[in-house]
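Order of appearance sets the numbers: ligands from 1, and atoms from 1 within every ligand.
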Amino acid sequence: MKKILVTGALGQIGSELVPYLRDIYGKDNIIASDKKRQDDSKAGDGIFEILDVMDRSSLYEMVKKYNIDTIIHMAALLSAVAEEKPQFAWQLNMNGFTNTLGVARENNLKYFVPSSIAAFGPNSPKDNTPQDTIQRPTSMYGITKLSAELLCDYYHLKYGLDTRSVRFPGLISYVTPPGGGTTDYAVKIYYDAIKFGKYSCYLREDTYMDMMYMPDAIKCIVQLMESDPSRLKHRNAFNVSAMSFSPKEISREIKKIIPEFTISYDIDEEKQKIADSWPNSIDCTCAIEEWDFKPEYDLASMTKDMIDKLKTK
Ligand code: AKB
């Protein structure tokens with residue numbers, strides 16, 4: 001990777017991925033792009049372009065203008081918000097994806113798009129969900145993610161395009177809050193614990209989902225993209241996770257640092273339904289074997305870091 005275009009650069013992952021990439025590859029080699037410039041302070045000091053991924057010709061021009069060799073496509077709607085407007089979610093997630101994938105093919109670029117644990121469904125094995133198994137997602141977000149997995153595989157097999165991807169679990173970060181995900185509670189709980197000493201959770205206390213701390217997530221994107229292609233038996237997309245916990249377990253961990261913290265439950269049926277259709281925990285053996293995936297943070301170390309960082313913030 002020498003010249004990288006990142007779409008959705010102001011989103012939850014993009015806003016941490018871009019500075020990380022700039023540190024590694026040089027600030028002039030990372031073209032951050034998003035639909036609109038939200039806030040100057042977030043854009044960093046590198047190149048930023050306004051780019052709507054639905055606009056294929058601008059995307060094509062951007063690739064030519066900067067001599068791009070890699071696209072990291074992050075622009076997408078997350079699960080809960082996609083369920084509120086499923087037709088729009090299909091349009092944005094699929095058209096944005098096929099535009100970037102198509103431009104990558106025409107220019108023979110390396111290509112990364114994140115998939116998600118949402119690509120599994122209620123009849124996938126619940127625990128230790130294997131890399132290759134039944135995938136019949138029931139959320140619109142999951143349907144778009146699985147479609148992208150299949151299409152990336154197709155482009156790799158048919159055209160030899162260097163497509164790579166991971167199935168991200170819920171990502172937890174103190175930098176940019178997520179917007180519209182089902183796993184977002186695991187971020188909000190830290191903010192509310194510090195601000196109010198309490199949190200009202202929209203999922204049942206025993207809802208298990210996979211999670212990962214953002215520093216591990218951005219590191220693993222680069223690690224996968226730089227990995228030896230001859231070792232990769234899988235392309236789209238690798239199971240990756242650092243931990244699996246329930247609201248009850250994360251609240252217990254927070255209590256160790258903020259003893260007065262309390263959690264209550266006010267269930268959002270739509271979000272609960274989505275969470276119930278996802279695995280409790282996924283099996284990451286293929287990512288470990290094929291490109292040495294190794295996250296650093298577990299629930300305890302992430303909780304300590306989140307609370308330290310948010311208190312300073
Ligand atoms: C969401 O909750 O929608 C995302 C995801 C698991 O892909 N965080």
Side-chain angles (χ1 to χ4, degrees), residues 8 11-17 72-86 88-90 92-94 96-97 112-122 124 126 129 135 137-149 152 165-191 201-204 207-218 220-221 236-247 250 267-282 284 287 295 297 302 306:
Q12 193 206 6
I13 305 178
S15 32
E16 285 184 68
L17 179 65
I72 299 188
H73 176 50
M74 290 295 171
L77 285 193
L78 292 183
S79 56
V81 71
E83 224 36 46
E84 281 164 22
K85 24 189 175 181
F88 176 67
W90 172 263
L92 177 74
N93 287 12
M94 290 317 294
F97 160 68
F112 178 89
V113 61
S115 186
S116 161
I117 50 171
F120 294 111
S124 306
K126 267 273 174 232
T129 311
Q135 286 179 263
T138 48
S139 69
M140 178 53 85
Y141 175 67
I143 292 168
T144 65
K145 288 294 172 190
L146 177 55
S147 307
E149 287 189 11
C152 279
S165 180
V166 295
R167 294 183 183 126
F168 272 135
L171 298 180
I172 296 162
S173 155
Y174 58 89
V175 178
T176 305
T182 305
T183 57
D184 293 7
Y185 90 87
V187 180
K188 187 79 173 16
I189 195 169
Y190 289 110
Y191 279 85
C201 186
Y202 54 78
L203 295 178
R204 277 194 325 268
T207 310
Y208 280 85
M209 285 187 288
D210 284 285
M211 303 279 175
M212 199 189 300
Y213 200 29
M214 190 62 85
D216 281 329
I218 56 176
C220 96
I221 295 175
N236 293 282
F238 284 95
N239 282 3
V240 291
S241 171
M243 58 196 103
S244 165
F245 57 75
S246 63
I250 188 175
I267 309 307
D268 177 322
E269 294 302 338
E270 270 297 315
K271 289 184 181 147
Q272 186 66 55
K273 208 167 87 193
I274 299 174
D276 287 343
S277 75
W278 294 354
N280 293 334
S281 65
I282 56 175
C284 306
Y297 288 88
M302 174 182 78
M306 273 297 279

Q: Establish, from distance only, whether the side-chain atoms of Gln272 and Thr207 form a donor-acceptor pair under 3.5 Å.
A: yes

**Q.** Per-atom contacts of ligand 1 with Leu78, taking only distances under 4.0 Å to non-hydrogen atoms
**A.** 3 (O)

Q.
Tell me the nearest of Gly179, Ser116, Ala186, Ala82 to atom 7 (O) of ligand 1, using heavy-atom distances.
A. Ser116

Q) Is there a donor in the side chain of Ser281 and an acceptor in the side chain of Ser244, or the other way round, less than 3.5 Å apart? A) no

**Q.** Main-chain N/O of Trp278 paired with Lys126 side-chain donor or acceptor, under 3.5 Å
**A.** yes

Q: Check each heavy atom of Ile117 against ligand 1 and say whether those closer than 4.0 Å belong to the side chain, the backbone, both or neither.
A: side chain

Q. Does any N or O in the side chain of Asn239 come within less than 3.5 Å of the main-chain N or O of Ala287, such that one atom is a donor and the other an acceptor?
A. no

Q: Output the list of atoms in ligand 1 that are nearer than 4.0 Å to some heavy atom of Trp278, sorted by atom number.
A: 1 (C), 2 (O), 3 (O), 6 (C)

Q) Which residue owns the protein heavy atom closest to atom 8 (N) of ligand 1, what's the atom, and how far is it? A) Thr183 OG1, 2.8 Å

Q) For ligand 1, which atoms, with element, lie under 4.0 Å from some heavy atom of Gly181? A) 1 (C), 2 (O), 3 (O)

Q. Can you tell me the protein heavy atom closest to atom 1 (C) of ligand 1 and the distance?
A. Ser79 OG, 3.3 Å

Q) Taking distance alone, with no angle check, do Thr182 and ligand 1 share an N/O pair under 3.5 Å? A) yes

Q. Judged by modelled atom types alone, do Thr182 and Ser79 share a side-chain donor-acceptor pair under 3.5 Å?
A. yes

Q) Under 3.5 Å, is there a donor-acceptor pair between the side chain of Asp210 and the main chain of Pro279? A) no

